[in-house]
Amino acid sequence: MDDQTRMLTGLTGLGGLSQPDVGDPDSVRKQQSLGQPQQDIGDILQQIMAITDESLDEAQARKHALNCHRMKPALFSVLCEIKEKTVLSIRGVQEEDPPDPQIMRLDNMLLAEGVSGPEKGGGSAAAAAAAAAAGGSPTDSSIEHSDYRAKLAQIRQIYHSELEKYEQACSEFTNHVMNLLREQSRTRPISPKEIERMVAIIHRKFSSIQMQLKQSTCEAVMILRSRFLDARRKRRNFNKQATEVLNEYFYSHLSNPYPSEEAKEELAKKCGITVPGVHTNTLGITHLTSVSNWFGNKRIRYKKNIGKFQEEANLYAVKTAVDAANVSAQASQANSPATPNSGISGYPAPCYTPDGRL
DNA sequence: AGTTATGATTATTT
DNA sequence: AAATAATCATAACT
C-alpha cells in the first residue's frame, strides 16, 4: 500500500529534467536508444497531468503504476539533490551553534543552587536534627533554614515538572513532524538530511523555551536567596563554650593568633559547631568561615582596644596556665610547668598580675 | 529607647 | 589568597 503514493514523488519534478543522463542506473539501455528517455518522460508527464481528470480508482492505479517506474528512485534522489543545492544549502550552513554561554551560565547556576542537580532530600532533616543535638541552642534559626529549603524544593519541583513537560512536548512534536515529513517524502522530494535539519530547528525552538524556564527559575532562586541572605544576617551568638574555646586559643596564641586550616577545623570541632558529615552550620555558612570570621573580628578588635580586652586576656592566661600546670602535674610532677605563651610579634603578651589587673 | 557586643559582609590592602 | 578595616544588622544588655 505504500508504493502507490511514491510514484508522484518521482514524477512531479520530471519536467525540469530534460537531460537524459541524470543518474540513470540503466545506462546501457539509454545508450542504445538515445531518443527513448525523453519520449518516456513526456509520456509520464502527460499521465500525471491526466491524473486529476481521472476517477479516484483510476488515479490510484495510475499512481501505483508510475510509482513502480524503473526510473523513479533515481529521479527522486536527483530531485533531492537539486533541492539541497538550490534551497537548503543557502541558509543551512550557518548552524553549527556553539553551546550558548547564556544557557550554560543558567545551567551552572541551577546546578550550584541544587535545583537541577541530584536530589538531596533526606540529608537536610538529618543534618538539622544532628545540629540540634550537638549545638547548645537547639531551637535556633534552623527553622528559617528549613523554610528556605522547602521553598527551594518547591521551585525545584516546578522546574523539573515543567522541564519534563517541555521535553515530552518536544519529542512528541518532533515525532509528529518526522512522521509527517516521512509520509510526504513519498510525494515530494525530501531528503533525510532535510528532515534532520527540521528536527534540529524544532529542538532549537524548544530549547529557547527551556531557556526561558531556566531563566525564570534562576530569578526565583535569586529572589529566594536574597531573602535568605537577609535572614542570614540575623546572627546567632556562639554559645559560651564555643567562645571559651576560641578565646582560649586566641589568648594562648596571642603572639601569632592565626590558626592554620587544620587548627581551625580542630577549633570548630571543639566548639561543638561541627557536625560529622555536615560542613555548614544552621545558617548555611562553613564552620571554617565562622572560625575565620571570629578570629578576624577578634584580632582587629583586640588590636583596636587592647585595654578593653586586658581583663579577658588575663583571665584566659590564668586558665591556660592552670591547665598547663595540671597537665604537666599529671604527666610528671618533676618537670618544670612551662608557661605556654610569650609575646613574640606585634601582639604584646598578656600581663598577668595577681589581682587580675594590668 | 539607647547602647554595646558580636557574627557576617564588603571593600581594601598586602 | 588571606588579612585587615570598615560597616552592617541584630542579639543582648542597660
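All chains are named by letter (A, B, ...) in the order of the sequence lines, taking the proteins before the strands, and each is independently numbered beginning at 1. Excluded from the calculations below are hydrogen atoms, water molecules and symmetry mates; all remaining heavy atoms, backbone and side chain alike, are included. All figures in this text were calculated on a predicted structure; none of them were measured in a lab.
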Quiz item: Can you find a side chain N or O atom of K308(A) that sits less than 4.0 Å from OP1 or OP2 on dT4(B)?
Solution: no

Quiz item: Is any side-chain nitrogen or oxygen of N237(A) closer than 4.0 Å to OP1 or OP2 of dT6(B)?
Solution: no

Quiz item: Quick one: R299(A) CZ to dT6(B) P, roughly how many Å, whole number?
Solution: 17 Å

Exercise. Figure out the CG/P separation between N293(A) and dA5(C), and round it to whole Å.
Key: 16 Å

Practice problem: Tell me what K298(A) touches on the nucleic acid: a base, only sugar-phosphate, or nothing, going by heavy atoms under 4.0 Å. | Solution: nothing

Quiz item: Is any side-chain nitrogen or oxygen of T243(A) closer than 4.0 Å to OP1 or OP2 of dT6(B)?
Solution: no

Self-check item: Verdict with reasoning, E248(A) to K270(A), per salt bridge (charged side-chain N to carboxylate O under 4.0 Å, His left out)
Solution: CA-CA 11 Å; E248(A) 225 166 89; K270(A) 261 182 155 181; 5.4 Å; no

Quiz item: For K264(A) and S292(A), which heavy atoms make the closest approach, and how far apart are they?
Solution: NZ-OG, 3.0 Å

Practice problem: For dT4(C), take OP1 and OP2 only and decide whether either is under 4.0 Å from a side-chain N or O of Y258(A). | Solution: yes

Practice problem: Send over the distance from N305(A) CG to dT6(B) P, rounded to a whole Å. | Solution: 13 Å

Quiz item: How many Å lie between CZ on R236(A) and P on dA8(B), as a whole number?
Solution: 12 Å

Quiz item: Checking ring pair (Phe, Tyr, Trp, His ring centres under 6.0 Å) against F250(A), which of F309(A), Y302(A), Y316(A) comes through?
Solution: Y302(A)

Quiz item: Can you tell me how far P of dG7(B) sits from CG of N247(A), to the nearest Å?
Solution: 9 Å

Practice problem: Test ring pair (Phe, Tyr, Trp, His ring centres under 6.0 Å) on Y249(A) and F295(A) and set out the steps. | Solution: CA-CA 10 Å; Y249(A) 186 97; F295(A) 273 90; 5.6 Å; yes

Quiz item: Tell me: CD1 of I300(A) to P of dT12(B), nearest whole Å?
Solution: 16 Å

Exercise. Check if the side chain of N297(A) and the base of dA8(B) share a donor-acceptor pair of N or O atoms closer than 3.5 Å.
Key: yes

Quiz item: Atom CH2 of W294(A) to atom C1' of dT4(C): distance rounded to whole Å?
Solution: 16 Å

Quiz item: Nearest to the side chain of R301(A), which nucleotide is it out of dG7(B), dA11(C), dT4(C)?
Solution: dG7(B)

Quiz item: Could K193(A) and E196(A) be called an ion pair, given the rule that one side-chain N must be under 4.0 Å from one carboxylate O?
Solution: no

Quiz item: Taking only side-chain nitrogens and oxygens of K303(A), does any of them come within less than 4.0 Å of OP1 or OP2 of dA5(C)?
Solution: yes

Practice problem: Round to the nearest Å and state the distance from F295(A) atom CZ to dA5(C) atom C1'. | Solution: 19 Å

Quiz item: Considering only dG7(B), dA3(C), dA8(B), which nucleotide approaches the side chain of S290(A) most closely?
Solution: dA8(B)

